[in-house]
Amino acid sequence: MCIKTYLPALIVLATCQQALPQDFGQLRAEMVSQQLEPRGINHTPTLEAMRKVERHRFVPPACQQDAYRDTPLPIGYGQTISQPFMVAMMTQLLQPGPDDRILEIGTGSGYQAAILAEMTGEVYTMEIIPQLGAKAKQLLSELGYRNVTVIVGDGYNGWAEKAPYDAIIVTAAPEEVPPPLIAQLKEGGKIIVPIGAQTEEQTLVLIEKRNGELVKTALIPVRFVPFTRSKDMP
Ligand code: SAH
């Protein structure tokens, strides 16, 4: 069972009750052809990764039958794996090159990191909840991803050890872009980040560093889990 204790998550829980055996490969192909391609996802490496990576491995067993529906799902600790379309769109916006070094803030289940790892050189992904970080690390290793490093820590500070990054993707919503992330972005690099308080509408923002200047483009309204800080943790 995906046990949750608060209302929004109960709504998510309600989507995790089917128990029919499914052909996950077929469902994954349909996810791409019915949910992603018709909505403008056309970046070939993104589509290939979405066809290949087994999203059902990244969700709790009771939610596996729903893994290829266009919905976020609970992954424990009050967190969610983003809906497939959002993962695909953010990946397509970043368009990682084959030799790029990417930093992700918000490992969660590890699914977005796996999608990125399919098409790029190195992925560094940070998770503030130790149990989620440990679980994602184990799964990504079991699945054979040698180019993903999971770091447990507060992503506000980024990961200076491997900076600068060609691209940074943030999958929890801060109210402002953490300055260390901007400092750790390469010239010509991109950050994709949902910005906004939990009580307000959040906006997905693309930030490009050009000649040392930041060029910001507001994209679409979105809803992500909060970007938390170590000091806020229980
Ligand atoms: N990308 C994930 C979904 C992430 S949900 C996936 O593919 O499954 C957002 C995650 O960000 C949560 O797991 C949350 O714990 C984490 N998070 C929130 N604030 C953070 C911070 N300051 N540093 C690192 N991780 C953070």
Side-chain angles (χ1 to χ4, degrees), residues 2 4 8-9 12 31 46 49-50 52-60 63-64 66-91 93-94 96 102-119 123-140 143 145 148-160 165 167-181 184 191-198 202 204 222-234:
C2 294
K4 306 296 299 178
V12 172
M31 170 187 82
T46 299
M50 297 298 293
K52 181 174 170 197
V53 180
E54 298 186 326
R55 189 171 186 259
H56 66 276
R57 298 287 304 269
F58 293 83
V59 302
C63 298
Q64 286 193 343
D66 297 310
Y68 300 104
R69 294 179 54 209
D70 192 29
T71 181
L73 291 168
I75 55 172
Y77 307 93
Q79 307 305 318
T80 55
I81 178 173
S82 304
Q83 70 182 109
F85 175 70
M86 188 57 62
V87 172
M89 192 184 63
M90 290 171 85
T91 308
L93 284 163
L94 285 187
I102 313 276
L103 177 66
E104 178 191 27
I105 309 301
T107 312
S109 68
Y111 178 68
Q112 173 76 73
I115 294 287
L116 292 167
E118 288 288 336
M119 66 191 76
V123 180
Y124 295 87
T125 178
M126 299 189 71
E127 174 54 55
I128 201 163
I129 299 177
Q131 296 90 331
L132 282 178
K135 204 168 166 192
K137 183 176 182 177
Q138 189 184 336
L139 178 59
L140 290 162
L143 295 175
Y145 290 102
V148 183
T149 305
V150 179
I151 301 132
V152 169
D154 184 350
Y156 183 92
N157 301 313
W159 186 242
Y165 300 95
I168 300 178
I169 176 170
V170 185
T171 62
E175 293 187 23
E176 284 170 20
V177 186
L181 300 186
Q184 291 173 23
I191 301 182
I192 182 100
V193 53
I195 300 279
Q198 287 300 301
Q202 302 164 1
L204 193 64
V222 286
R223 176 131 298 278
F224 277 78
V225 296
F227 189 100
T228 51
R229 301 295 318 279
S230 310
K231 61 180 170 45
D232 303 330
M233 299 299 288

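Position 1 is the first residue of the sequence, and the numbers go up from there. Atoms within a ligand are numbered from 1 in the order they appear, just like the ligands themselves.
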Of all protein heavy atoms, the one nearest atom 23 (N) of ligand 1 is Gly155 N, 2.7 Å

What do you reckon, does Ile128 have a nitrogen or oxygen under 3.5 Å from a nitrogen or oxygen of ligand 1? yes

Near Ile81, which atoms of ligand 1 are under 4.0 Å from a heavy atom of that residue? 8 (O)

Contact between Ile75 and Tyr111 at the side-chain level, heavy atoms closer than 4.5 Å - yes or no? no

Contact between ligand 1 and Pro226 is defined here as a heavy atom of the residue under 4.0 Å from a ligand atom; is it met? yes

For ligand 1, find out whether one of its N or O atoms is nearer than 3.5 Å to an N or O atom of Asp154. yes

For the residue pair Met119 and Thr91, establish whether any side-chain heavy-atom pair is separated by less than 4.5 Å. yes

Is the shortest side-chain heavy-atom distance between Lys135 and Phe58 below 4.5 Å? no

Shortest heavy-atom approach to atom 22 (N) of ligand 1 - which of Thr228, Ile151, Asn157: Thr228

May I ask you to check if ligand 1 and Val225 share an N or O to N or O distance below 3.5 Å? no

Would you mind reporting whether Met89 and Leu204 have side-chain heavy atoms less than 4.5 Å apart? yes

Is there a side-chain contact between Val177 and Val170 in this structure, where contact means two heavy atoms from C-beta onward sitting under 4.5 Å apart? no

Can an N or O of Thr80 be found at a distance shorter than 3.5 Å from an N or O of ligand 1? no

Under a 4.0 angstrom heavy-atom cut-off, which atoms of ligand 1 come close to Ala172? 11 (O), 18 (C)

Assess whether atom CD of Gln138 is packed by more than 12 heavy atoms of other residues, nucleotides or ligands within 6.0 Å. no

So does Tyr165 get a backbone contact from the side chain of Gln184, meaning a donor-acceptor N/O pair under 3.5 Å? no

Residue, atom and distance of the protein heavy atom nearest atom 7 (O) of ligand 1 read Gln112 N, 3.0 Å

Tell me which part of Glu127 gets within contact of ligand 1: side chain, backbone, both or neither, using heavy atoms under 4.0 Å. both

Keeping Glu104 on the side-chain end and Gln112 on the backbone end, is there a donor-acceptor pair under 3.5 Å? no

Minimum-distance protein heavy atom relative to atom 14 (C) of ligand 1: Gln79 OE1, 3.4 Å

Flag the pair Phe227 / Pro194 as yes when at least one side-chain heavy-atom distance between them is below 4.5 Å, and no otherwise. no

Minimum distance, heavy atoms only, to atom 6 (C) of ligand 1: which one of Ile75, Thr171, Val152, Thr107 is it? Thr107

I want to know if ligand 1 touches Arg229 in the polar sense, i.e. an N/O pair below 3.5 angstrom. no

With side chains defined as the heavy atoms from C-beta onward, is the minimum distance between Tyr156 and Pro180 less than 4.5 Å? yes

Which of the atoms in ligand 1, numbered in the order shown and given with their element, are less than 4.0 Å from a heavy-atom of Ile105? 23 (N), 24 (C)

May I ask you to list the atoms of ligand 1 that are less than 4.0 angstrom from any heavy atom of Leu132? 13 (O)

For atom 1 (N) of ligand 1, which candidate among Ala173, Ala113, Gly158, Gly106 holds the nearest heavy atom? Gly106

For ligand 1, which atoms have a heavy atom of Ile129 less than 4.0 angstrom away? 15 (O)

State, yes or no, whether a side-chain contact exists between Pro74 and Pro60 at a heavy-atom distance under 4.5 Å. no

So for Gly153, does at least one of its heavy atoms come nearer than 4.0 angstrom to any atom of ligand 1? yes

Treating Thr171 as the side-chain partner and Ile105 as the backbone partner, does any N or O pair qualify as donor plus acceptor under 3.5 Å? yes

Please report which non-hydrogen protein atom sits nearest to atom 8 (O) of ligand 1, along with the residue it belongs to and the distance in Å to one decimal place. Ser109 OG, 2.6 Å

As an exercise, identify every atom of ligand 1 less than 4.0 angstrom from a heavy atom of Glu104. 1 (N)

Any chance you could measure Leu140, atom CG, to Thr149, atom OG1, to the nearest 0.5 Å? 10.0 Å

